[in-house]
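All remarks here apply to the structure that follows.
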2 protein chains.
Amino acid sequence: MNTPTDAQNPAPAPAAAKSRKGPTRSEVSKSAILEAAREEMAENGWRGFSVDSVAKRASASKQTIYRWWPSIGAMCVDAALALIPDAPEGGRDPQERITALIIPLEAAARTGHGHAVLRVALLAAADDKDAGEVWRAWVGRDIRQPLRMILAELAAKRVIRRDFELDDVIEQLLGPIFHRLTIMRAPVKDGFCADQSAAFLRTYGAI
Amino acid sequence: MNTPTDAQNPAPAPAAAKSRKGPTRSEVSKSAILEAAREEMAENGWRGFSVDSVAKRASASKQTIYRWWPSIGAMCVDAALALIPDAPEGGRDPQERITALIIPLEAAARTGHGHAVLRVALLAAADDKDAGEVWRAWVGRDIRQPLRMILAELAAKRVIRRDFELDDVIEQLLGPIFHRLTIMRAPVKDGFCADQSAAFLRTYGAI
DNA sequence: GGGGCGATACTGACCGTTCCGTTCTAAGTG
DNA sequence: CACTTAGAACGGAACGGTCAGTATCGCCCC
């Protein structure tokens, strides 16, 4: 499982405590809240999502939620990111290496629960400022940065052309699966991500 | 401008009135509501959007809004669809014909106002059942159906391969621009849609 | 005279915040 | 090593304000 960025806790992050007095924040409360949040997200969508319901379902206080996250949107994104497994090793084949980057998203989206949770998290990221920053930070760290390394290497080996825009490639890789998750609400087929990276290589392949 | 599906009015559509007595529904009220809705969407996003604000800004009654649309989500989608211009004639070049289908979306998204409105409409379509149906109905009529004709013709002429899935092509064409609009909140470059159709032709072009 | 209209009001739910009383823990004292 | 104490996190409850969706007014126009 992923350990996301902890969404910039409003308080100065519990780990960074120096000379604190009271008890540390309860990780068990946090994970109970995240689990309850995922269930509420899947059941009620983004606009119908309520903090009160999450608190009640997790037997937690709303104040505890706001201690951990600056906004409900950030919590939603964190809850979804926890469903995304770590990326597998990429091997040597160019398509395999690119696919490996986005296959965790496909894996999370291919369960009924993950599909709904990820959909709401994407809505939160698009609608809520804090949530958007958390999500884009994750994309930057887990997708954009490794992708840049791979593409630079492929371009150096003349496997792909050099005239690509990194952000455009990200749109081409992530856009289709997100569109299917959110707008179409259609299931994600096995191999969907592999198809996207194959399409990219056909688009930008040398020659 | 587009004249959307009128979102399946809860009441049997004012035009279809037969032997009515009272006055017809006021189109001026309707367009004032849609204009107010666009402004509220751009300012407050999807979760922060409120019917009361729209009614107040349009000097209309909430009851009037619910007479025209079954849900606020459907109204949001209608408001955004009105910003999408009609598709231009496609010419003969395959890429040009495909680009012509999606260029209206790009055109609407390239203004600051349209960018924000379209973003919220997409969130509504993904989060609200009614809104999603209105949106997908528009996609089916203005994108999917003409695209199917074009692709069938191109496949017959051996310009593209035959082993494509129509829905996958739609994801590839629409996904990137929607991702940029919603998640990235980044401006849409001139020629973005042309690049997508070029990428499609490179992906499925017959060897 | 019936139906669309603006205006108002109402119910139930929710948001974000604030206040409790309790519990737990690190720092300080002897 | 006890033992105290200050401070923080906790569940729970309550708050003022907002909102969705419905209902009910008169008004006015077809």
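Proteins come first, then strands; the chains are lettered A, B, ... in the order of their sequence lines, and each starts at number 1.
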For residues 114-121 of chain A, run the donor-acceptor check on the side chains, cut-off 3.5 Å, and write out each pair with its distance to 0.1 Å, sequence neighbours left out.
| residue | atom | partner | partner atom | Å |
| --- | --- | --- | --- | --- |
| His115(A) | NE2 | Ala186(A) | O | 3.0 |
| Arg119(A) | NH1 | Ala126(B) | O | 3.0 |

- To the nearest Å, how far apart are Ile65(A) CD1 and dG12(D) P? 12 Å
- Does Arg97(A) pair with Glu153(A) as a salt bridge, N-O distance under 4.0 Å? yes
- Item | Closest to side chain of Tyr66(B), choosing from dT22(D), dC19(D), dC14(C) | dT22(D)
- Query: Nearest-Å distance, CZ (Phe49(A)) to P (dC15(C))?
  - Reply: 8 Å
- If the plane angle is over 60° it's perpendicular, under 30° parallel, otherwise tilted; pick one for Phe200(B) and Tyr204(B). tilted
- Item | Separation of atom CD in Glu43(A) from atom P in dC14(C), rounded to whole Å | 13 Å
- Rounded distance (Å) that lies between atom C1' of dC15(C) and atom CG of Asp128(A): 13 Å
- Query: What integer distance in Å separates Trp69(A):CH2 from dT17(C):C1'?
  - Reply: 18 Å
- Item | Integer-rounded Å distance: dG11(D) P and Lys30(A) NZ | 15 Å
- Query: Taking N and O atoms by type only, does the side chain of Gln63(B) place a donor or acceptor under 3.5 Å from a partner on the base of dA7(C)?
  - Reply: no
- Query: Should the pair Trp135(B) and Trp138(B) be assigned to parallel (<30°), tilted (30 to 60°) or perpendicular (>60°) ring geometry?
  - Reply: tilted
- Task: Could you tell me whether the phosphate oxygens of dC10(D), OP1 or OP2, come under 4.0 Å of any side-chain nitrogen or oxygen in Trp68(A)?
- Result: yes
Which pairs would a plain distance check flag for residues 176-183 of chain A, meaning a side-chain donor or acceptor within less than 3.5 Å of a matching protein atom at least two apart in sequence or in another chain?
| residue | atom | partner | partner atom | Å |
| --- | --- | --- | --- | --- |
| His179(A) | ND1 | Glu171(B) | OE1 | 2.4 |
| Arg180(A) | NE | Glu171(B) | OE2 | 2.6 |
| Arg180(A) | NH2 | Asp168(B) | OD1 | 3.0 |
| Arg180(A) | NH2 | Glu171(B) | OE2 | 3.2 |
| Thr182(A) | OG1 | Phe178(A) | O | 2.8 |

- Query: With distance as the sole criterion, do the side chain of Thr64(A) and the base of dA9(D) form a donor-acceptor contact below 3.5 Å?
  - Reply: no
- When the distance from NZ of Lys56(A) to P of dG12(D) is rounded to whole Å, what number comes out? 10 Å
- If you find the nucleotide of DNA chain C closest to Asp52(A) and the one closest to Ser59(B), which residue's nucleotide is nearer the 5' end? Ser59(B)
- Note on the structure: Of Ala55(A) and Arg47(A), the one whose nearest nucleotide on DNA chain D sits closer to the 5' end is Ala55(A)
- Message: Checking contacts here: which listed nucleotide (dC5(C), dC14(C), dG6(C)) is nearest the side-chain heavy atoms of Ala60(B)?
- Response: dG6(C)
- With a 3.5 Å cut-off and just heavy-atom distances, do the side chain of Lys62(A) and the base of dG12(D) make a donor-acceptor pair? no
